[in-house]
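Residues take their numbers from the sequence shown, with the count starting at 1. For ligands, and for the atoms within them, numbers begin at 1 and follow the listed sequence. Keep in mind that this is a model prediction, so the values were computed, not measured.
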Amino acid sequence: MYGGVAAVKELSLIVCRGEFLTILGPSGSGKTTALMLLAGFISPTNGDILVGGKSVASVPSYRRDQGIVFQSYALFPHLSVRRNLEFPLEMRGVKAAERADRVANLLARVHLDNFGDRMPSQLSGGQQQRVALARALIADPPVLLLDEPLGALDRNLREQMQSEIKTLHKEFGITTVCVTHDQEEALTLSDRIIVMRGGAIEQIDTPEGLYDRPKSLFVANFLGEANLLNGVIPLPNDATPTSMLSIIRPERIRLAVPHAPTLADAHQRQQANGVVTEVIYAGALRKYNVQVGNNVLIMREHVASDQQVFRPGDQVRLDWLRSDVRLVATETNNGVE
Ligand SMILES: Nc1ncnc2c1ncn2[C@@H]1O[C@H](COP(=O)(O)OP(=O)(O)OP(=O)(O)O)[C@@H](O)[C@H]1O
Ligand SMILES: [Mg+2]
């Protein structure tokens, strides 16, 4: 609780040893607060936090064996990069020669070999972020807590650092909890992802599980895009029309000319007729908007040289496998909007 505000209302989770767990959610959903609770910078008003079976709720943050990267990469401004990295080792009484070795090794890992003597103010945002990551890893902690660790990096460097984090995670086996609002980052890095909404867990699952079996429209839209099929196809008999929605992912829909020959697996498919309203070419993907009755369905396909390309105004037939349709809840367990 912050004053009268419950930033995190309900959070019950077990992080497995060596796991890479990502907390994903929109701005203000309580991600940083959840991480700060884990880090020991704030204490829970109710509840407990255990590491290796022991309660750490009353152990101050600096006594815990953990590496942390804050959302705002808080380096010591008056210390050089090298001294920033050495500091956690000095605190642990590591000898000078070993400190120098470890610093050199980690600076190389984050591609900052020649930056040891710079001051933080002489670094770009992305470079500071990489120093912060190196500093979090330097004492070889069993637990790593990251809050938007790659937020200040451009796309290329971000992808490079993502694979570096993944390699470091595998190599050191560090139990990692990472906060992000970047869905691609979450999907790429994580063993499991928590989707947070309004201070509570909306869903927790593996990347594939979340993408393929979202339990609510919120999760489906937060992780990818979803087409609503209510009004296009009937709901299954056992579904309540007011609380359930049928959805399908854009890449699961196929487009064809209206009188294309029926395929062998037609009995496993559903179809609808529509008119193309928009075509967006995006390099590797082509995105179509198709008006079907009162709905607009979006559809994405990988661009290939032998496929038929449709134009706005074209009549088309859409079809998809019944097994690709998902039923999701309009409302969620915690009932937050
Ligand atoms: N010190 C504070 N005092 C009062 N309210 C706070 C405080 N810190 C955070 N909050 C509120 O708690 C809620 C959750 O904040 P939190 O920082 O955990 O969000 P977040 O998911 O990390 O968002 P972002 O993606 O923007 O970083 C927000 O509504 C925020 O305004
Ligand atoms: Mg935050």
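- An N or O contact shorter than 3.5 Å is missing between H181 and ligand 1 by distance.
- Taking each of G199, G28, S29, G198 in turn, the one with a heavy atom nearest to atom 13 (C) of ligand 1 proves to be G28.
- Within ligand 1, counting atoms from 1 as listed, the ones closer than 4.0 Å to a heavy atom of P26 are 21 (O).
- Where the criterion is an N or O separation shorter than 3.5 Å, residue side chain and backbone included, G30 meets it with respect to ligand 1.
- Donor-acceptor pairing under 3.5 Å is lacking for the side chains of T277 and N289.
- Donor-acceptor pairing under 3.5 Å is lacking for the side chains of N273 and R317.
- Residue E148 has no N or O atom closer than 3.5 Å to an N or O atom of ligand 1.
- Atoms of the protein (N, O or S only) found under 2.8 Å from the Mg ion (ligand 2) are T32 OG1, Q71 OE1.
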Please walk me through it: do R252 and L321 pass side chain to side chain contact (heavy atoms under 4.5 Å, CB included)?
-> CA-CA 8 Å; R252 299 296 174 134; L321 284 170; over 6 Å; no
Carefully, step by step, assess R286 and R300 under the rule side chain to side chain contact (heavy atoms under 4.5 Å, CB included).
-> CA-CA 6 Å; R286 196 174 279 112; R300 291 169 180 277; over 6 Å; no
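- Contact check on D182 versus R158 returns a salt bridge, with a Lys/Arg side-chain nitrogen under 4.0 Å from an Asp/Glu carboxylate oxygen.
- Note: F41 and F70 have tilted aromatic rings, judged against thresholds of 30 and 60 degrees for the angle between ring planes.
- Looking at residues two or more places apart in sequence or on another chain, you find a side chain to side chain donor-acceptor pair (under 3.5 Å) between E19 and R192.
- S323 and Q268 are not linked by any side-chain donor-acceptor pair at a separation below 3.5 angstrom, with hydrogens and angles left out of the test.
- Applying the side chain to side chain contact (heavy atoms under 4.5 Å, CB included) test between L85 and each of L137, V103, L112, V110 identifies V103 as the sole match.
- Here is the list of ligand 1 atoms found below 4.0 Å of a heavy atom in T32: 17 (O), 18 (O), 20 (P), 22 (O), 27 (O).
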